[in-house]
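The next block holds one structure in the form of structure tokens; read it before the comments.
Chain A is the first sequence line, chain B the second, and so forth, proteins listed ahead of strands; every chain is numbered from 1. We use all heavy atoms of the structure for the numbers below, so side chains are in, but hydrogens, waters and symmetry mates are not.
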Protein chains: 2
Amino acid sequence: MPTIRDVAKLAGVSVASVSAVTNNRTGVSRKLAERVWKAAEALDYHPDSLARSLRVRRTETIGVVMPQIASPFYAEVLRGVETEAKQKDYSILICDSAADSALEQRLLNSLMARRVDGILLASVDPHFSAHQLLRRRMPVVFFDRLPASCRGPAVMVNNVEGSFEATRYLINLGHRRIAIITGSLAISTAAERAEGFRNAMGAAGLPIPEGYLRSGEFRLEGGYKCALEMMKLSPRPTALFATNYEMTLGMLRALRELGIKCPQEVSVMGFDDFVMGADGFSWATMFSPQPTTVAQPSYEIGREALKLLLRRIEGFEDGHQDGQESVVRLRVELRVRESTAPPVLS
Amino acid sequence: MPTIRDVAKLAGVSVASVSAVTNNRTGVSRKLAERVWKAAEALDYHPDSLARSLRVRRTETIGVVMPQIASPFYAEVLRGVETEAKQKDYSILICDSAADSALEQRLLNSLMARRVDGILLASVDPHFSAHQLLRRRMPVVFFDRLPASCRGPAVMVNNVEGSFEATRYLINLGHRRIAIITGSLAISTAAERAEGFRNAMGAAGLPIPEGYLRSGEFRLEGGYKCALEMMKLSPRPTALFATNYEMTLGMLRALRELGIKCPQEVSVMGFDDFVMGADGFSWATMFSPQPTTVAQPSYEIGREALKLLLRRIEGFEDGHQDGQESVVRLRVELRVRESTAPPVLS
DNA sequence: TTGAAAGCGATACCAA
DNA sequence: TTGGTATCGCTTTCAA
């Protein structure tokens, strides 16, 4: 691989000049620039960004750590991050922690060793401590969820209100016995969605019987198993509320296996929407029944998170570390489809 | 950020010794090692991998470039790559070319500037030339698809045979009028799947009428639009064969909108399976009807591709560039579900 | 067993 | 406008 020295030699100039040219710095004569470009081309020269970053102490790269890239929600967030990053000429390093907090820790260390300029994090660990990051002066912005001991900066959605609205929608349909399944309540999103549910039930004077609020894993299996068990309760719920994408699918699957018709016998309220890539087709239309869901602006979450991080990076460079508690809340939206209907009279 | 010098100073030893210790090299006294570790801990020292890579001329990192991470097929391939990489202590840089060949080029350049040790590529450009990579001595392994001008190394599936079997299955069910939709025939996977289809139809002495073989975009919309049009043909096909995941969904959606019952009125053969993350639940079970598909061993593709790349990287280091044409073909598997049935007699 | 010093490939200051 | 050279943080001879 040719280095800047090779180019300098071939062009008959100094390395400083080559550097000036390749970085389009002002104050170089056309003649010299041309010679340099020609030499660079002849040698197929490409600057080593490792060496460059080492010197300038900046990588123009940010790291993104999330629990599962394959999940449509996170994939869509990622699209938002990438879009915004491309505009700002930042590269991004994508890391999938596979919902494993030890792996997450390794990935964070690796990102810091790589000297990324900042990190976007949806931590799998609800007790994650930002201490290690702050100590190393690594700018970080949380998204989707906020660990208990952190106050920001973060980009999230208004989970409480969204969950409240969704529950109220079911109540307005006439449902009285509504059961909810959330992720581990240690995770902020799960706790907030449970809170919105409780608020709405309380406001309507409705009880939440034993077994009607379950928290399990934020996964397909979690929704599946919980739905199976909830359908054994008596009195049986007339509506189920699943608080993320995977759980929604799991519940629908359980109902199908039990031969319980949705929405005729039981309504299902889901969470997260099901958009597919750039063409805007919604996956929801592929399912049967098409799930009514609380849709998060995933793409926007990604964009906002990156914007906030870049502001924070500049802040670090300028020396002031304020804005540490700024939390951006984006609005969710109820998308009514087929899986919800008034309850059967009983 | 503390550097190796700071540690050396605090421990009262030379930087060379610190380096020796942190890299667990043999031949350092326990005493010295202890002093160094204590100092490193006290300072919260973490080696700069940029500087290290610059010096050792190796990053222990490989780049993966794919057209769409959000697609379940590629996401699953990625899981395979990550699993294998973790075992071998390699980091991976994930790049989403968003089916944009200019962006793909930028990403490749960025990866090379970052001095990754090798690249895994599913190029969006069927006429991609590996010239640029070879000239810069960058080891590359293609996966999923192989550009026309390249002969390997690559990891792919036996598309021709898989498509042949799938078509034969439909024929054995009694179908005579079978239509297929593929991606652009310039892409090797699409061409191979079309070939398997033709072979099977030919072997059975069946014609492929005008309009029965369409190639469009490898997307949901492509499958959707094609199915709409194929259903207008006369005579109308009794079975449709979609040759990737998104197209399969698009076709099912089109049939539903047209009010055409699947599989009672028209059978649909799909491609790619629908597994969801590590829990092994198949997405296929969420759809109605559940699609019969040709399942690719996506996860294995990822693992094999990484293994092959690592062998290739070692080869480059040892100076011999052979194995450039080795193509690994993995086997697909027909998974019969609900979307296929014998044709209605007419 | 430990340390001094050269060098990886860039950038940037300062002098010419 | 151009060039010489120190420097970024680390590894790696080679000599002590």
(request) Provide the start and end nucleotides, 5' to 3', of the part of DNA chain C that has atoms under 4.0 Å from heavy atoms of chain B. (result) C:dT1 to C:dG9
(request) For DNA chain C, determine which residues of residues 9-20 of chain A have any heavy atom closer than 4.0 angstrom to one of its atoms, and list them numerically. (result) A:Ala16, A:Ser19
(request) Would you work out how much the helix from C:dT1-D:dA16 to C:dA16-D:dT1 bends between its ends, with each end axis defined by five base pairs, to 10 degrees? (result) 40°
(request) Please list, chain by chain and in numerical order, all residues satisfying side chain to side chain contact (heavy atoms under 4.5 Å, CB included) with A:Arg5, sequence neighbours excluded. (result) A:Thr3, A:Val15
(message) Can you list, in residue-number order, the parts of residues 21-41 of chain B that come under 4.0 Å of DNA chain D, counting heavy atoms only?
(response) B:Asn23, B:Arg25
(request) For B:Glu34, enumerate each residue passing the salt bridge (Lys or Arg N to Asp or Glu O under 4.0 Å) test, keeping only those at least two apart in sequence or located in another chain. (result) none
(request) Only counting residues at least two apart or in another chain, list the ones meeting side chain to side chain contact (heavy atoms under 4.5 Å, CB included) with A:Ala305. (result) A:Leu120, A:Val141, A:Phe143, A:Val155
(request) Could you identify which residues of residues 106-119 of chain B place a heavy atom less than 4.0 Å from some atom of DNA chain D, listed by residue number, or say none? (result) none
Sequence neighbours left out, cut at 3.5 Å: what donor-acceptor pairs do the side chains of residues 22-29 of chain A make with other protein atoms?
| from | atom 1 | to | atom 2 | distance (Å) |
| --- | --- | --- | --- | --- |
| A:Thr22 | OG1 | A:Val18 | O | 3.2 |
| A:Thr22 | OG1 | A:Ser19 | O | 3.2 |
| A:Arg25 | NH2 | A:Ser19 | OG | 3.4 |
| A:Ser29 | OG | A:Leu32 | N | 3.2 |

(request) Not counting sequence neighbours, which residues clear side chain to side chain contact (heavy atoms under 4.5 Å, CB included) with A:Ser14? List them please. (result) A:Ala16, A:Ser17
(message) Quick check on contacts: within residues 43-51 of chain A, what sits under 4.0 Å from DNA chain D by heavy-atom distance?
(response) none
(request) Give me the first and last nucleotide of DNA chain D, going 5' to 3', that has any atom under 4.0 Å from a heavy atom of chain A. (result) D:dT1 to D:dG9
